[in-house]
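Heads up: the structure comes next, in structure tokens.
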Amino acid sequence: MTTAAALGATALVLAGCSSSSSSDSGGGGGSLTVLCTVQEDQCQQVMDTFSAEEGTTARYVRMSAGEAVARMNASKANPEFDVVYGGGADNHVASAEFGLLEPYVSPNADVIPDEFKDPDGLWTGIYWGMFGFCANTDVLEDIGADLPESWSDLLDPVFAGNIAMAHPATSGTAYQAMWSQVELNDGDQDAALEYFGDLHSNILQYTKSGSGPGQMAGRGEIAVGLIFAHDCVKFINEGFTNLETIYPEEGATFEVGAVSLIKDAAHPDAAKQFIDWALTPVAQEIGVATGNFQVPTNPDAEVTDEMVDRDDVAVLTYDIAEAGAARDELTKRFDAEIAPQPKE
Ligand code: PLP
């Protein structure tokens with residue numbers, strides 16, 4: 001877990017764990033606890049806005065997506081959370097494989113395109129975004145490397161010790177990298193692992209959180225971070241102007257950020273109220289307001305120039321259910337065959 005939780009507009013900090021109110025009201029006055037995997041500033045603003053608009057207090061705990069699956073599974077007998085908010089949907093599928101989710105088809109899901117929702121309501125998409133590379137042009141110059149434009153460019157020894165990525169067992173971002181390689185190898189998981197075996201000699205560090213390598217690149221600690229492209233855009237806008245966002249030329253998969261209801265949630269009505277709200281344009285425009293440029297799934301939510309245009313990049317389409325079902329085994333193989341997951 002990277003941080004503490006916050007309680008609505010009052011920002012009560014609960015040191016690393018959540019607590020729940022005893023009342024459950026979908027009509028206001030109740031509360032819920034959300035397991036949130038998007039960037040911290042977006043989690044905070046989403047909970048504050050929901051609490052203020054809907055009269056139900058949303059607390060949250062921020063974790064990386066893989067950690068979130070593990071934490072929910074560990075507390076399955078007595079769920080700590082009511083809702084999972086954030087991507088990628090393959091992590092929601094992995095949670096459903098462990099029996100951790102309850103289907104819920106929100107009335108507001110009607111307007112969400114089919115490719116961004118599970119037909120049975122296990123998860124519903126709130127945004128989508130591309131995987132990419134985030135390169136520091138100053139460091140590239142220092143090490144005498146060109147801007148890497150492809151997955152194969154990353155294997156060049158010129159990048160030895162100058163690339164970082166998160167570990168796919170803890171991070172949804174890194175699992176997106178893994179699944180991109182599975183798709184690029186026509187579904188061959190051994191070949192995908194072989195790629196990461198080859199890349200390993202260029203990796204300085206496997207971080208726990210998906211966006212960490214983008215900050216490392218921004219600080220000049222490495223030349224290239226493998227992260228969501230929209231996280232790189234965020235870091236550039238926040239002042240790391242030596243960074244450049246790259247969409248790999250062979251293509252990459254995309255994440256669908258999703259929202260889902262946790263099985264045996266203590267506050268199911270408040271949870272459904274939150275899910276309904278998360279699908280509205282107002283909720284989905286909070287991304288832009290906090291400098292997070294994932295593309296909204298609600299067609300009525302505003303799209304800005306900072307967001308990726310699907311027609312401009314090589315997008316690998318993939319079966320989210322298949323990627324989610326493979327997650328547990330594939331990340332265990334990464335752990336055993338490539339590198340163990342970081343403890344801190
Ligand atoms: N960054 C952004 C913008 C996201 O939408 C998500 C998904 O929730 C993540 C990062 C995932 O973080 P991690 O890779 O740490 O699981």
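Ligands are counted one by one from 1 in listed order, and the atoms in each one are counted from 1 as well. The analysis underlying the following values was restricted to heavy atoms, covering all of them including side chains, and did not include hydrogens, waters or symmetry mates.
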Q) Which of the atoms in ligand 1, numbered in the order shown and given with their element, are less than 4.0 Å from a heavy-atom of Gly87? A) 7 (C), 8 (O)

(Q) Could you tell me, atom by atom, which parts of ligand 1 come under 4.0 Å of a heavy atom of Ser171? (A) 13 (P), 14 (O), 16 (O)

Q) Quick one: does Glu255 get within less than 4.0 Å of ligand 1, heavy atoms only? A) yes

(Q) Can you confirm whether or not the ring centre of Trp179 sits under 6.0 Å from the ring centre of Phe131? (A) no

Q.
Suppose I only count heavy atoms of His230 and a 4.0 Å limit; which atoms of ligand 1 are within that range?
A. 3 (C)

Q) At the 4.0 Å heavy-atom cut-off, does Asn292 count as touching ligand 1? A) no

Q) Taking the inter-plane angle between the rings of His167 and Tyr206 on a 0 to 90° scale, is it parallel (under 30°), tilted (30 to 60°) or perpendicular (over 60°)? A) perpendicular

Q: Can you pull out the closest protein heavy atom to atom 5 (O) of ligand 1? Residue, atom name and distance to 0.1 Å, please.
A: Tyr127 OH, 2.6 Å

Q. Which ligand 1 atoms, with their elements, are less than 4.0 angstrom from a heavy-atom of Thr37?
A. 6 (C), 7 (C), 8 (O), 9 (C), 11 (C), 12 (O)

Q) Please state which protein non-hydrogen atom is closest to atom 10 (C) of ligand 1 and give its distance, to 0.1 Å? A) Asp231 OD2, 3.5 Å

Q: Looking only at protein heavy atoms, identify the closest one to atom 12 (O) of ligand 1 and say how far it is in Å.
A: Arg62 NH2, 3.3 Å

Q) Counting heavy atoms only, which part of Thr173 comes closer than 4.0 Å to ligand 1: side chain, backbone, both or neither? A) both

Q.
Suppose we call two aromatic rings close when their centres sit under 6.0 Å apart. Are His92 and Tyr85 close by that rule?
A. no

Q) Judged by non-hydrogen atoms, does His167 sit under 4.0 Å from ligand 1? A) no

